[in-house]
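Numbering of residues begins at 1 and proceeds along the displayed sequence. In listed order, ligands and their atoms are each counted from 1. Below, each value reflects all heavy atoms present in this structure, side chains not excepted, and no hydrogens, waters or symmetry copies.
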Amino acid sequence: MRTSESAYDRRRLRQWLAGEARADGVSRRDMLRLLAAAGLAGAAPVALGTPAAAAAPGIVKPLPDDRFTVRGTNAETRFAALAGTGYHTPNDRFFVRNHTATPTLSASDWALTVHGDGLTRDRTVDFTLADLRKLPSVTHSAFVECAGNGRSFFTSQQRQPVSGTAWTLGAIGVARWRGVRLADVLGRAGLSRRAVDVLPRGLDADYVTDDGTNLGRVRRPLPLSKALDDVLLAYEMNGEPLPPDHGHPVRVLVPSWIGIASVKWVGDIEVSAEPLYSPWNTDFYRLFGDAYPDEGSAPLTRQTIKSAWELDGQADLRAGVAHRLTGRSWSGAGGVVRVEVSTDSGTTWRAARLHDAPRRDGWVRWSTHWRPPAPGPYTLLARATDTTGRTQPEATVHNTQGYLFDAVVRHPVNAV
Ligand SMILES: Nc1nc2c(c(=O)[nH]1)N[C@H]1C(S)=C(S)[C@@H](COP(=O)(O)O)O[C@H]1N2
Ligand SMILES: [Mo]
C-alpha cells in the first residue's frame, strides 16, 4: 500500500535523523534530498558517524555497558548491576521499553485530558500537573515488568521461535512511585455509572510496525474495575520527578500488571461506556499459538512469576572459595514466600535466605552461599513459589510472541 510505504519511509528517515539508521554507501547529500522530499527538510541530523552500539536511539539517560544491554529502542537492566543497590531499582539502572522514542515534554505545558461517553454529560475535563499535585498523594512501591521479559529463553532453553525483543530477565524494575489515584481523577472528572473501560494514551510518536503499518499512539484499554482499584497517575519515581524515559511528567502505573498497561507520557484518557479495543489488547498482549484459541487468550493482565541471579551469564567465580550469591524473585499473583536454588543443574535444591517480606507488587531479595568444588562450567537455578502456591515450572507453554515466560532459567557460570 502506498500510504503505509511512505509512512515507513518517513519513519526510516526520521530514524536516520536521530542517528539510529545506517545509510552505508549513501551520501549525506542524497539522504538530505530524501528528507526534503519526505517533508522532513530543515531537521538536522544528529551524531552522524556515531557507532551504532553507543546508545539506544531515542533514550535520553546514559546507558553504560555495565548497567544496560541495549536492544533496539530499548535498554535492559543487567541484573549484576543491581547487586547491593537496595530494594528499589535506582532510576539510573531502571530498564526502558520504548515503542518509538522518549519525547521531550515540559511539565508546565502538560495537561491531561479526560473525556468520553463514560463521563457524566460526556464532558471533557483537563488537569494540569498543578491540579494533580493538589489532590491527595499516594506512594506505592511496585514493579514495572515487560510482558516479554525472559522471552529469549523460549528460544535458548526451549528451542521455540518467538517474535519481539529478545530480553533476558532484566526488563523489570521496582520503584517507589508517587502520584494520585486514577480513581480520584476520574471521580473529579465525573464518572458515569455506564463507564466500563478507560483508555490512557501516550504522547510519544505513532508506533509504526516493521511492515509499515501505523498503529497510532501507544494506548491500551484498562477495565474500570482495575482503574478504580490501585492504579496511579505517577509524577515521581524514587523521590525524583519522573525522568524523561519513564514518562515525564506523568505516567499511568498499574501495579502487578504487565508493563504495557503502565502508559508513559499520558496525554489523554478516554472513559468509555462500551468496551474498547486497541492493537495492544487484540494483536498484542494475548497468547497465540498451538495451545491457544485462534483469536488468542483473553488480554493479559497480571504478571507471572520469575527469579534472577544478580550475576552476568557466564560469570567467573573462583573455585574452592565460598561465595555469597544474591538474586531476586517476584510474582504478579502474590508475594514470593519461598525460593529454592540449585548449583548442580537441578539435581539438588536448597532454600535460599529471603531478605524481604512477600509483597504482590514487588520482589524479594535472596541470598545463598556456594563454594564451587572444582574449576569448570556450572548451571545455577532459582525457583520461586508465591503466596498462591504457584511455583516456576520446568518449561513455559509456548506462545508466538513470547509473553509471560515463567520457567526456571538455567544460568551458566564458570568456576575458575
Ligand atoms: N506511551 C508509552 N507508554 C509505554 C510504552 C511506550 O512505548 N509508550 N511502553 C510500555 C511497555 S511495553 C513497557 S514494558 C513499559 C516500560 O516502562 P519503562 O520504560 O519505564 O521501564 O512502559 C509501557 N508504557
Ligand atoms: Mo512491555
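- Residues forming a side chain to side chain contact (heavy atoms under 4.5 Å, CB included) with K306 (at least two apart in sequence, or on another chain): E145, N149, L169, Q303, T304, W330.
- Using a 3.5 Å distance cut-off with no hydrogens or angles, the side chains of S329 and W366 do pair a donor with an acceptor.
- Legend: residues meeting side chain to side chain contact (heavy atoms under 4.5 Å, CB included) with H248, ordered by chain and number and at least two apart, are A107.
- With sequence neighbours excluded, the residues satisfying side-chain hydrogen bond (donor to acceptor under 3.5 Å, both in side chains) with H115 are D268.
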Could you go through ligand 1 and list every pair where one of its N or O atoms sits under 3.5 Å from a protein N or O, giving the atom names and the distance to one decimal?
unit_1	atom_1	unit_2	atom_2	d
ligand 1	1 (N)	D204	OD1	2.8
ligand 1	1 (N)	D204	OD2	3.3
ligand 1	1 (N)	K264	O	3.0
ligand 1	3 (N)	K264	N	2.9
ligand 1	7 (O)	H99	N	2.8
ligand 1	7 (O)	H99	ND1	2.8
ligand 1	8 (N)	D204	OD2	2.6
ligand 1	9 (N)	R97	O	3.3
ligand 1	17 (O)	R251	NH2	3.1
ligand 1	19 (O)	R97	N	3.0
ligand 1	19 (O)	K264	NZ	2.6
ligand 1	20 (O)	H246	ND1	2.7
ligand 1	20 (O)	R251	NH1	2.8
ligand 1	21 (O)	F95	O	2.7
ligand 1	22 (O)	R251	NH2	3.4
ligand 1	24 (N)	S262	O	3.1

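- Formation of a donor-acceptor pair under 3.5 Å by the Q157 side chain with backbone atoms of V408 is found in this model.
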**Q.** Check against salt bridge (charged side-chain N to carboxylate O under 4.0 Å, His left out), D245 and K61
**A.** CA-CA 7 Å; D245 297 311; K61 69 182 173 187; 5.3 Å; no
